[in-house]
2 protein chains.
Amino acid sequence: MNGARTLLSTLVDEGVEVCFANPGTSEMHFVAALDDVPEMRSVLALFEGVATGAADGYARIADKPAAVLLHLGPGLANGLANLHNARRAHVPMLVVVGDHATYHKRYDAPLESDIEALAGSVSGWVHRTENVADIAADARAAVAAGRSGVVATLILPADVSWNQASIPDAGQSISSTRGAQRDDGAVRAAAEVLRSGARTVILIGGDATRIAGLSAATRIAAATGARVLCETFPTRLQRGAGVPAVDRLGYFAEAAEAQLAGAQHLILAGAASPVSFFAYPGKRSDLVPDGCRVHTLAEYAGAAAALEQLADELAPGTEAAVAPPGRPEMPSGPLTAVSVSAVVGAMLPERAIIVDESNTAGVTLAAGTAGAPAHDVLTLTGGAIGYGMPTAVGAAIAAPDRPVLSLQADGAAMYTVSALWTQAREQLDVTTVILNNGAYDILRIELQRVGAEAATDPGPKARDLLDIGRPTMDFVQLAQGMGVPARRATTAEALAAALAWAFEEPGPHLIEAVIPSLLG
Amino acid sequence: MNGARTLLSTLVDEGVEVCFANPGTSEMHFVAALDDVPEMRSVLALFEGVATGAADGYARIADKPAAVLLHLGPGLANGLANLHNARRAHVPMLVVVGDHATYHKRYDAPLESDIEALAGSVSGWVHRTENVADIAADARAAVAAGRSGVVATLILPADVSWNQASIPDAGQSISSTRGAQRDDGAVRAAAEVLRSGARTVILIGGDATRIAGLSAATRIAAATGARVLCETFPTRLQRGAGVPAVDRLGYFAEAAEAQLAGAQHLILAGAASPVSFFAYPGKRSDLVPDGCRVHTLAEYAGAAAALEQLADELAPGTEAAVAPPGRPEMPSGPLTAVSVSAVVGAMLPERAIIVDESNTAGVTLAAGTAGAPAHDVLTLTGGAIGYGMPTAVGAAIAAPDRPVLSLQADGAAMYTVSALWTQAREQLDVTTVILNNGAYDILRIELQRVGAEAATDPGPKARDLLDIGRPTMDFVQLAQGMGVPARRATTAEALAAALAWAFEEPGPHLIEAVIPSLLG
C-alpha cells in the first residue's frame, strides 16, 4: 500500500469523509488512490479558494473536518484567504499540500516555494512528512490537531505518496480535547459580576451561538438584567422562530460603541474583546467603554458549557425567551436591499442554512428573517471576501437534506465565482442570490469614514476605483456559463417568483437581484 | 501632503505610471490620493491575482515596474500565485500592501495576519514603513529594488498613509544595477569550450531571449557548431519572420533529455541548469547528461551582453540566420489543437504579443507561428496557472498600439477569469482564444507519467477529478457576462472568421475554440 492510499485510509478511519480538491502533478498518486478508498468523497474545485472555503462551510455544519487537497505553494496560496477565514472561525480542517519529491526540492524547479511560510500564516499545526513510514501517524496527528479547532496542514512530498509503506499501520486515534477546560473560577467571577447589579454585557461567540449557549445566555440576562450581544461575525449562529434571539455587535465601530455604551462589565463567552475592524483617524480601536471591566468566562470552545453552568446557578427557574414566529409582509415594486431582506424573510424555507456574504446589501437581513423558521447563519469570520459561494458548497455537502441560501454581494462574488460550477457539478441544493448594486459600496462608505482628504468630494479616479458597474456584470450569464440555471429580478415580485422556482426545483439556482447602491 | 500622496508622487517621479489595484478600507487614502496625482493610471481588478498578473505582463513588455495595490494579508495571499510567476520571470514589480494602522495591529482585528511571511515567499525585497517621514525614501528604495528584477513589497500601514509628512521629500533616485556585472572570465571559459569542437549546447534564457541575445547565440552556433536551445518557459521570447529562431527545451523531461543527449558541455546564458519540472518515480530530476560539464556564462540579466561579447570573439563575420516568412495553409473542418495553431499562424497580426497559457492545447503553436510576422511570446514562468488572462491585461496596457493574443487553456482560465472584466473596462485590444477541451489534459498525461498505481486503468473517481467538462463551461456566456463580446468556434473556418472579427474591431474579444481532449 503506498503512502497516498495509507493516508486516505487513515483519514477515513479518523472520520474524514470528504476531500475538496484541486490537484496537480505532485498529487496524482493521491488522486489515483481515491478509487481504492470508496468511503472518501472527492469534490473538484476549479480554484483552490473554492476548495478551502468549502471545507470551512462543511466543518461549520458537520462539526468535523473535511480534507482539502492542494498543489504545492501556489495552490496553497490560492486557498489562503479562505483558510484565513477558517482560522478565525476556529473550525477543524485538514489541508494536505502536495509537494515535490523530497529529493527533487534541491533543484529549485519552477513551482518550488516556501510552503511552510504560507502554511504557518493560517495553520495551528503544520507538519511535513518526510518518510512514508510516518504517514499514518502523521495523518492521525493532523486530524487530532484539526479537531481541536484549527487548520492543520500536512505537507506531503510526492515520493511519500508513491513509496510503499512496508509496515502496516497499527496506530491508534489520538484524542483531541477542544478548547478550554471547565474553569469554575471564571464562572464564579462572572456570577459575582452579574449578581452585583452593575450594568453588564455578555458578549457571546465561539460555540455559544447555537441554541444551548443562546438559551443559557438569555436565561442569565432575564434573571440578572444583563444584556446579551453576539460577536459581529459568528461562525454559526442559530436563530429564527423558537430560538432565543440576540443582537449582533455592529460592524461599524460607532454602532458597536453605542451598543456597549454604559457597560460597567463585559463578560466574554467565546468572543474576543471587541475592537474596531479597521482603524480610523482619531477614533478608538478598542471598543470597550472607559472604565468597563472585561472578564473572560470562556474562550471560543467551552463557552456554551460555561454559560449553562452560569445559568444553572443564576437563573435556575428561568425559561429562555425565544423569537416568535412571524414573517414580513411581502413587499412589492422595484427591489432595494430592504425589500430583498423582506422577501427572503417571507419565503425562507424550513431548516435553511444562510451563508451570508451580502455585506452592505444585507444590513436589514437580520430584521427580515428574525421570525422565519429556525435556521443557521454562517458569516464572514475573517473579513477575507470571496468566502460565501465556496462556503455554501461545503454547507450543502454537509447537510444534503437542508436548503442552503447563499446571499452574496456582487463584488465579493467575483473572487471565487467558480464555486457555482462545483455547485452545478455536485447538483447541490444551493440558491444563490447575488445582490448586484454595481459598486464596492462598503468602500464608498469607508472612503468617507476613514476621513480621506478628498472624502467629502472624492475625485473621479477614486470614485471609479469603487465602481464595479463599468461594465455591468451579468450574473445570469455567468451562472449559466457554469451550468447553474439563473434568473434576474428587478422587482420584489420577480424575486419572490424566482425564489419559489429555486426552492422548489432540486439542484443549484442563481438569482441576480438588481438593487441600487446605498449611496445612489 | 499625506503619506499616500507622497508615496504616489514619489512613484511617479521614479517612472512608475500604472497601478493595478484591488483596494480595501486600509487603502482608502491611497485611493483618494490618486486624484491628486494625475500621472498615475489606476486599473481596477476584481481579484488580486488579476492585479499581480497584470503587473507581471506590464513589466515584461514595458521593461519597467508597475505598482500593485493590495489589501492586507488576504489580499496579498490572493495575488501570490502570480507573484510567484513574476519572481520566476525576474521582472521588476512594486507591490504595495496596505495594512492596519501601526497602533491597531496589537488588537488582532479579524483581518490581521502575517504579511511579512507571505511577502517573503515571493519578494526579493520587503519593507514595512513605520513612519510617514520615511515613505518617500522607502518608495525610492522599493522602486530601485524592483528595477533589479525582483518583486519589491512595501507594507504601508493605514496611518502612514493618512499622516502628514512634515518635511518635503528631497530624496534622490537610487540607481539600481540589474543583474551580473560583465564577467570576462566566464566569457573566456565559454569561448574555450566552444572552440574545442566538443558537442556543446548553449541554453539561453533571461534577457537573452530577445533579438540581441538570439542573434548573438545563433551567430555563435553557426560559427562553432554548438546547438542553441531556449529555456522551457522564457519571460519574453521574440520570434517569427526575420528573427533568429531557437527551439525551446521540452517541458516533459523525456523530451528535454532527448534534446540534450550527447552534449559534452552546457553553457548557461541567462537560464538555470535544466531540471525536471516535477519528479517521477525512477526518473532523473537533473536533466544534464552524465559527464556533461555545465558552464555559467551569465545569470538571467547580462546574458544578452555576454553572448554578444562571445559572438564578437567567435563569430565576427557571421550573420545571424533568421526565420523566413511563411504562414501555414489555412486548415478546414472540425477544430483540433493542431488546426488552432495553424489558424493562429495563418492570421497572426503584425507586431502581436502572444500570451501563452494554452498548456497541452498549445504544443503545436510554435510550429504554426514560426514564420508569422515577428512577435513576442510571454510564457508561464513559474508554473502557477491562472497567469494568462491577467498577463494579457498588463501587456495590452504596456503596449496599447500592439494586438495581444491570449491563448488560454480552459482549466487555467477559471483561476483568474475576472481578468476579462478588466479587459472590457479598459477596452484593451486583447483577443482571448479559450482552448476548451473540457479536461485537465496535462494531469491526465501526468497521471500516467508519474506511474500512479492505477494509471494504466485509472478508476472513475480519478478520471472524474481531471474532467472539467461535467458540466460543460460556456465561455461565451462567461465573457459576455463580464462585458467582453464572444463567439464559439468548432471548425477551423469558424475560428478564422472569429479571429478576423476580433482582430478588426478595437477592444477585447473572446473566442471559445472547442477542441477534443488529447486523450479522447
Side-chain angles (χ1 to χ4, degrees), chain A residues 21 25-26 28-29 31-32 34-35 42 44 46-47 74 77-78 80-81 84 88 100-101 104 107 109-111 113-114 117-118 120-121 158 162 275 277-279 281 285 382-384 414-415 418 424-425 446-447 450 452-454 458-459 461-462 465 470-471 473-474 477-478 480-483, chain B residues 21 25-26 28-29 31-32 34-35 42 44 46-47 74 77-78 80-81 84 88 100-101 104 107 109-111 113-114 117-118 120-121 158 162 275 277-279 281 285 382-384 414-415 418 424-425 446-447 450 452-454 458-459 461-462 465 470-471 473-474 477-478 480-483:
Chain A
T25 298
S26 38
M28 282 302 102
H29 285 82
V31 169
L34 285 166
D35 283 288
S42 50
L44 180 61
L46 294 177
F47 177 70
N78 284 333
L80 278 180
H84 170 87
R88 292 292 182 182
H100 286 307
H104 192 70
Y107 295 106
L111 276 161
S113 70
D114 187 347
L118 303 181
S121 74
W162 77 52
V275 298
F277 213 81
F278 294 103
S285 291
M414 294 305 290
Y415 285 69
S418 72
R425 180 178 176 91
E446 295 285 29
L447 183 64
V450 296
E453 280 179 346
K461 287 171 75 179
L465 219 51
R470 178 173 76 73
M473 274 177 282
D474 181 335
Q477 289 206 76
L478 290 173
Q480 290 174 345
M482 288 180 276
Chain B
T25 299
S26 38
M28 282 302 102
H29 285 82
V31 170
L34 284 166
D35 283 288
S42 50
L44 179 61
L46 294 177
F47 177 69
N78 284 333
L80 278 180
H84 169 87
R88 292 291 182 183
H100 287 307
H104 193 69
Y107 296 107
L111 276 161
S113 70
D114 187 348
L118 303 180
S121 73
W162 75 54
V275 297
F277 213 80
F278 292 103
S285 291
M414 294 305 290
Y415 284 71
S418 73
R425 181 180 176 92
E446 294 284 30
L447 183 63
V450 297
E453 280 178 348
K461 286 170 76 179
L465 219 51
R470 180 173 73 76
M473 274 177 282
D474 180 334
Q477 289 205 73
L478 290 173
Q480 290 173 345
M482 288 180 276

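Just so it is clear: chains get the letters A, B, ... in the order the sequence lines come, proteins before strands, and each one is counted from 1.
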For the student: nearest non-hydrogen atoms of [X] and [Y], plus distance:
X: A/Leu447; Y: B/Met28; value: CD1-O, 3.6 Å
X: B/Met414; Y: A/Leu46; value: CG-CD1, 3.9 Å
X: A/Leu465; Y: B/Ala21; value: CD2-CB, 4.2 Å
X: B/Ala109; Y: A/Arg88; value: O-NH2, 3.2 Å
X: A/Phe278; Y: B/His100; value: CD2-CE1, 3.6 Å

Between chain A and each of [options], count heavy-atom pairs under 4.5 Å; write down the option with the most.
options: B/Ala424, B/Gly483, B/Ser285, B/Gly120; result: B/Ser285
options: B/Ala158, B/Pro74, B/Pro471; result: B/Pro471
options: B/Ser418, B/Ala101, B/Ala81, B/Pro110; result: B/Pro110
options: B/Leu111, B/Val275, B/Asp474; result: B/Leu111

Mind ranking [options] by heavy-atom pairs under 4.5 Å with chain B and telling me who comes out on top?
options: A/Ala384, A/Ser113, A/Ala279, A/Gly383; value: A/Ala279
options: A/Ser121, A/Ala77, A/Pro281; value: A/Pro281
options: A/Gln480, A/Arg470, A/Met473; value: A/Arg470

Please lay out, stage by stage, how B/Asn78 and A/Asn78 fare under the test side-chain contact (heavy atoms from CB on, under 4.5 Å).
CA-CA 6 Å; B/Asn78 284 333; A/Asn78 284 333; over 6 Å; no
Measure distances from A/Arg425 to the heavy atoms of chain B and classify the residue's part below 4.5 Å as side chain, backbone, both or neither.
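Both parts, backbone and side chain.
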Give, as side chain, backbone, both or neither, the part of A/Ala117 having an atom under 4.5 angstrom from any heavy atom of chain B.
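The answer is both parts of A/Ala117.
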Taking the side chain from B/Asp35 and the backbone from A/Lys461, do they hold a donor-acceptor pair closer than 3.5 Å?
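The answer is yes, because a donor-acceptor pair under 3.5 Å joins these two groups.
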